[in-house]
Number of protein chains: 2
Amino acid sequence: MPVLAKSRRSGSRGEPEKTRAAILSAALEEFAQEGDSGARTDEIARRAGVNKALIYYYFKDKEGLYAAALEQVFSGLHERVMSILNRTDMAPREKLLLYVQTHFDYIASQPVYPRLVQREFMRNAGRTLSPVANRILEHYGKPLYQKLEELVRDGIRSGAFRKVDPVQSITSILGTIIFYFITIPAQQIMRTGDPTSPERIAERRAAVLDFVSSALFATDDAVNQKGKS
Amino acid sequence: MPVLAKSRRSGSRGEPEKTRAAILSAALEEFAQEGDSGARTDEIARRAGVNKALIYYYFKDKEGLYAAALEQVFSGLHERVMSILNRTDMAPREKLLLYVQTHFDYIASQPVYPRLVQREFMRNAGRTLSPVANRILEHYGKPLYQKLEELVRDGIRSGAFRKVDPVQSITSILGTIIFYFITIPAQQIMRTGDPTSPERIAERRAAVLDFVSSALFATDDAVNQKGKS
DNA sequence: GCGTGATAATTAAACGGACGGTTAATTCAA
DNA sequence: TTGAATTAACCGTCCGTTTAATTATCACGC
């Protein structure tokens, strides 16, 4: 990490931004592992190697820290994925496959992400999500779903995709991509070996692409002429 | 929902089993909603309409209650699903579709189930699951995966299924079935309307069957469905 | 260059409420 | 009378949050 010559702004010892980042990183792990309420501020501070009070110095309170953690993972995904979905130079099939790969790879590169996210989206107090999750979904989730829906419609219109319900198929695709990662702890029992090893991840990646392709793509133009039951 | 069966005077012999069941039921909701550590024993007692001490009277401690809750949902699924997977009078395609329907319907009938389960399987303290989840998976998860794997192999061997990796495709299928339910809170924001309404559930059910069928079944011109194997 | 405040970064310690769990007393069917 | 079922009240601890003190760095006048 290059020491920024100029950004030695002010303060006392250490680098404030580095400290902040350390806290955030520790929080990501702890939140993903234990969940919102299960995460302990003491443990986060310990992991980050800083005093607990710094959490409240940099992020107002536990919820503020939580929001920052969610924001970080989501903005990263959003950036990568949307740049693909906004492209206009690709046919639906290639575009969808590239999207799936990108989404998959992002999750695989941030093993902490899926559990963090999934946890949050399962937690509906009564009937509504937490304000934090709500904001995240409005900001990142909706545009993603919208673009994906558009893509699927394009694919269907052009005959590249089967005539599926766009929204439903998106849910299925997301499930196929994400499910493996959120069940990794369970898979350590169900199967032998390490589900997070590069080989296993590669194996899963290929399987996801195959599964989605087969589920969504029309089986060659000629074949889909025959009526379906 | 709070069935205050005040019929019996509460004092000593109300109905013990009814009380126990009330606690368990309340626990299921609370655990599913708030998670293991998020759930509050006071709240569970309140929902069940009983004194908090009864939780410790019937179930040793919070973890005992949690284990009982997991046990209940899993045994119910196990019972329904295994009876299908053990049948020998069905061709792979029908068997798999029936399995998917049954699994789906069970979840749909117990909206509390998927979040409860998913929560648990995401929580790996360090490197291993909780002892409770471990036991559940050994007892219910492994046999299920095993039977499903067998089924997929049969399907491939008979030519009814594409030549997929059995284990990977099972993960994909499970993801397709379950993902909708564990993201219901999020879907209340992403789409309009109630994702838990019968119409929506039916719509999702059809989509799952379609998605899985298309992903897994061989699209051979030759419909070599020979009925029994 | 050199004290000298000012301020940002960091810490130790403690507070107060929440929450899991306990206990001793009470009720009521058999 | 016995004992299972139930309750109110309590306890100790964990944990999020606050506060006050401390350390280091910078700005600046001298």
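Every chain is numbered from 1, with letters handed out A, B, ... down the list of sequences.
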Query raised in the report: Is R153(B) salt-bridged to E150(B), cutoff N-O under 4.0 Å?
Result: no
Report task. Provide, to the nearest angstrom, the distance between the CD1 atom belonging to I55(A) and the C1' atom belonging to dA9(C). Result -> 15 Å
Query raised in the report: What is the nucleic acid contact for A39(A), judged by heavy atoms within less than 4.0 Å: base, sugar-phosphate only, or nothing?
Result: sugar-phosphate
Query raised in the report: From dC15(D), dG21(C), dA9(C), pick the nucleotide closest to the side chain of Y57(A)?
Result: dA9(C)
Report summary line: Contacts of Y56(B) and A53(B) projected onto DNA chain C by closest heavy atom; the upstream (5') one is Y56(B)
Query raised in the report: Given dC15(D), is OP1 or OP2 found less than 4.0 Å from the side-chain N or O atoms of T41(A)?
Result: no
Taking only N/O atoms, report every protein-nucleotides 10-14 of chain D pair under 3.5 Å with atom names and distance.
none

Query raised in the report: Between T19(A) and dT10(C), is there a side-chain N or O to OP1/OP2 distance below 4.0 Å?
Result: yes
Report task. For H78(A), enumerate each residue passing the side chain to side chain donor-acceptor pair (under 3.5 Å) test, keeping only those at least two apart in sequence or located in another chain. Result -> none
Query - Exercise: do S172(B) and R204(A) side chains pair donor with acceptor under 3.5 Å - result: yes
Query raised in the report: Below 4.0 angstrom, N of the basic side chain to O of the carboxylate: do R20(A) and E17(A) qualify?
Result: no
Requested in this report: Whole angstrom is fine here: how far is it from CG in D61(A) over to C1' in dC15(D)?
Outcome: 14 Å
Query - Interatomic distance where CG belongs to L54(B) and P belongs to dA8(D) [whole Å] - result: 10 Å
Requested in this report: With the side chain of V50(B) defined as its heavy atoms from C-beta on, choose the nearest nucleotide among dT7(D), dT18(D), dG20(C).
Outcome: dT7(D)
Requested in this report: Specify the separation, in whole Å, of atom CZ of F31(A) and atom C1' of dC15(D).
Outcome: 13 Å
Report task. Give a yes or no on whether a salt bridge exists between R80(B) and D105(B), defined as a side-chain N under 4.0 angstrom from a carboxylate O. Result -> no
Query raised in the report: Please give, in whole Å, the distance from dA20(D) C1' to N51(A) CG?
Result: 13 Å
Query raised in the report: Is any side-chain N or O of Y58(B) closer than 4.0 Å to OP1 or OP2 of dT6(D)?
Result: yes
Query raised in the report: Atom CD of E63(B) to atom C1' of dG21(C): distance rounded to whole Å?
Result: 14 Å
Query raised in the report: Looking at Y113(A), F181(A), F74(A), Y99(A), which one forms a ring-ring contact (aromatic ring centres under 6.0 Å, His included) with Y106(A)?
Result: Y113(A)
Query raised in the report: Is the base of dA18(C) touched by the side chain of D42(B) through a donor-acceptor pair closer than 3.5 angstrom?
Result: no
Requested in this report: Give every residue pair that meets the ring-ring contact (aromatic ring centres under 6.0 Å, His included) criterion with at least one member in residues 38-59 of chain A, sequence neighbours excluded.
Outcome: none
